[in-house]
Amino acid sequence: MKRLLKGGRVVDPVNRRDGMFDLLIDGERIARVGKDLEADGQTVVVPVPTGLVITPGLIDMHVHLREPGQEHKETVATGTAAAVAGGFTAVACMPNTSPVNDNAGVTEYILKKAADAGLARVYPIGAVSRGQNGEQLADIAELRQAGCVAVTDDGRPVATALLMRRALEYTQMFGMPVIEHCEEPTLKADGVAHEGFHASTLGLRGIPGEAESIMALRDVSLAELTGGVVHIAHMSARQTLDAVRYGKHRGVRVTCEVTPHHFVLTDEYLGSPVPYDTNTKMNPPLREAADRDAMLQGIADGSVDVIATDHAPHHYDEKQVEFDRAPFGITGLETAVSLCFDRLVHGGVISLSRLIELLAVNPARILRLTGGSLSEGAPADISILAPDLRVTVSVAAMRSRSKNTPFGGWSLRGGVVATIVGGRGVYLNKEFQDLRMSGYEDFRI
Amino acid sequence: MRKDLLGIGDLSRDEIYRILDTADAMREIGERPIKKVPTLRGKTVVNLFYEPSTRTRTSFEIAEKRLSADTLNIAVASSSVQKGETLADTAMNIEAMSPDMIVLRHASSGACHLLARICRSRIINAGDGMHEHPTQALLDAYTIRQHKKTIRGLKVAIVGDLLHSRVLRSNVLLLTKLGADVWVCGPPTLVPAGIERLGVRVSTSVEEAIADADVVMMLRIQQERMQGAYFPSLREYFNLFGMTVERVSRAKPDVIIMHPGPMNRGVEIASEVADGPYSVVLEQVANGVAVRMAVLYLLAGGVEDEAAA
């Protein structure tokens with residue numbers, strides 16, 4: 001079956017397209033992109049309302065799907081339902097499941113669950129070390145063979161410089177990046193919030209930005225030593241961004257990501273509007289305004305490669321506790337696009353085209369995935385976005401099994417209209433039912 | 001009056017003065033032969049203590065009994081918290097029995113905020129982690145006012161473990177609100193980041209901090225919170241920061257020395273100072289009852305005039 005999307009603004013940085021184009025989908029693939037394409041007899045024409053944008057499917061390279069082992073927080077099915085509702089056609093999931101994804105069995109289990117769900121594509125990320133214990137390398141070739149696209153001990157840093165060195169050397173055989181959760185454990189100690197004025201007045205134990213940047217500098221140095229590829233996950237501190245810039249300046253193969261909450265929120269939210277709201281507790285912590293501004297600057301000047309959510313679902317009961325006892329992390333898949341539009345595009349930080357680089361092109365490049373473009377012949381992974389849609393974040397309507405977000409009730413400008421994976425409509429925003437009437441009857445909601 | 005007393009940070013200057021003025025009337029009750037008024041008759045107050053406390057818990061209990069409230073003490077051993085029910089569940093269970101107020105002491109900062117969100121009962125913070133201990137600061141202010149008439153313009157030096165102290169945070173907020181010139185002093189390892197933004201002067205020299213001070217407030221070295229190596233030894237700490245008679249002589253002649261207790265004699269304070277003529281430590285304890293009566297009374301919806309009756 002062929003479908004012709006007519007009338008949208010196509011933003012496809014890889015093919016240097018940003019303008020009004022028609023897009024012909026033939027089965028699972030993009031057949032043609034061009035001006036004023038004609039529909040033949042078998043083609044269903046889908047008129048795209050004015051003001052909408054058609055982009056390569058967005059890819060979130062840092063999510064926690066929690067399955068296997070923590071299905072009370074999230075499953076692959078609920079997590080990918082959240083992903084497509086958030087405009088993401090693919091997610092890369094972290095290995096800190098129970099058991100840890102350090103062997104082919106777990107990887108295959110995740111991929112089977114993803115196939116059963118049939119929503120977003122799922123790219124598992126394997127552990128660097130067996131059990132994420134930081135002692136012995138996991139069977140990385142086996143993980144690669146089973147479908148892992150990178151390795152990380154996310155949730156904790158790769159424990160020692162020696163093990164990180166080995167990982168950066170070993171993974172070069174497979175062209176896989178090592179993704180690092182930067183955190184110097186002794187400096188972080190039992191900290192629960194950014195070390196600064198707000199943590200001090202609230203009586204919360206602090207985590208200085210240097211706990212992150214020290215580890216980032218270590219890894220940049222080791223990547224230089226080994227020629228390996230390191231990707232710095234969820235940066236929060238301005239010093240970390242400087243460490244990445246230093247590495248890039250020296251030609252080190254280092255890339256980095258920042259989460260929406262780290263470029264939107266600051267540690268001021270620890271105390272207001274809801275004091276000690278455990279949905280402001282994440283690792284790395286919300287930092288001060290200077291750090292938030294540095295992240296925006298890094299996004300604007302190209303130092304930041306990727307926006308990823310670090311979607312970290314936790315059950316209500318786990319968050320409904322004293323601040324220092326609550327687990328770190330918030331959900332992110334269903335708020336990311338709106339936050340990016342509102343703060344980055346409408347905020348005048350970057351262009352829409354640059355946003356698509358951060359959300360699709362660069363994650364695909366770093367993880368060596370096929371997505372990230374609307375090239376003819378590529379899988380039809382497409383996000384349809386509404387830059388000017390007024391969105392009020394509704395926690396109750398979220399598809400993630402967990403509702404731990406600090407953004408409930410926020411009014412934002414920009415949202416998701418529809419998500420297409422492999423030519424199949426997997427999400428359609430209720431406000432755009434007309435699209436379904438005109439040919440996308442297979443949209444699942 | 002507001003629903004809860006969670007911290008000095010929430011209180012206006014007028015509210016603080018109202019509590020201190022009410023405490024005056026309450027103090028008089030404690031001096032009567034029959035130290036009991038019917039003000040809170042029929043009200044139930046639960047003292048929910050997750051941390052061991054002698055002084056604060058006793059003080060609240062006496063205050064409650066003098067106001068004729070029905071009181072109930074629940075001491076939760078910290079060891080059972082790990083496997084036991086959550087604070088939220090405990091709170092909802094207590095709430096189901098319709099108490100009027102819950103006095104909470106807890107090791108986690110913000111625990112009382114969690115309770116306040118869940119419970120209709122009024123919550124009084126009797127110390128939450130490293131955050132606040134508002135009734136301590138109120139009784140300290142009451143004691144200072146007794147001796148100095150006013151708080152505005154006084155030089156107050158607070159010396160000790162600033163980092164882990166909820167007494168520090170509450171006192172800084174209260175004393176700066178009332179216009180005191182507040183100095184805080186301790187080793188740099190125990191100074192909270194950004195504390196100067198609260199309008200205090202930070203010094204690592206105890207001599208500088210207490211020079212010409214009207215009030216010196218000592219903070220306990222909380223050995224149970226000293227997992228990290230914040231200073232080399234108690235001996236070195238005492239040599240640098242311990243309050244000795246010699247150091248006290250640098251303050252104003254009519255200086256008062258305060259300590260929230262329990263004191264570590266020979267660690268943060270020399271016995272000669274703790275027991276010396278300028279020490280008001282036991283007055284603080286006595287005033288604690290009056291101030292807590294005032295807080296209980298005002299939160300229960302009272303009016304000053306009735307209290308004196």
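These figures come from a predicted structure and were not determined experimentally.
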Distance-only side-chain donor-acceptor flag, A:E71 / A:T75, under 3.5 Å: no

Per-residue contact mode, B:R197 against chain A (heavy atom under 4.5 angstrom): both

cation_pi(B:R292, B:F60) dist<6.0 Å, angle<=45: yes

Residue among A:L202, A:T280, A:D277 satisfying side chain to side chain contact (heavy atoms under 4.5 Å, CB included) with A:F323: A:T280

Contacting region of B:I118 [heavy-atom separation from chain A under 4.5 Å]: side chain

Contact origin within B:D89 toward chain A - heavy atom pairs under 4.5 Å: neither

Heavy-atom pair count under 4.5 Å with chain A, highest-scoring of B:S109, B:A88, B:S165, B:G7: B:S109

Leading residue by heavy atom contact count with chain A [cutoff under 4.5 Å; candidates B:A116, B:G194, B:S108]: B:S108

Charged tip of A:K403 within 45° of A:Y316 ring normal and under 6.0 Å: no

Test item: A:E74 side-chain N/O and A:H64 main-chain N/O as donor-acceptor pair under 3.5 Å: no

Residue, of B:L115, B:L163, B:L87, B:T86, that accumulates the most heavy atom pairs under 4.5 Å with chain A: B:L87

Most chain B-contacting option - heavy-atom pairs closer than 4.5 Å, from A:G203, A:A189, A:P275: A:G203

Between A:Q239 and A:E210, a side-chain donor and acceptor under 3.5 Å: yes

Most chain A-contacting option - heavy-atom pairs closer than 4.5 Å, from B:L168, B:L198, B:L173: B:L198

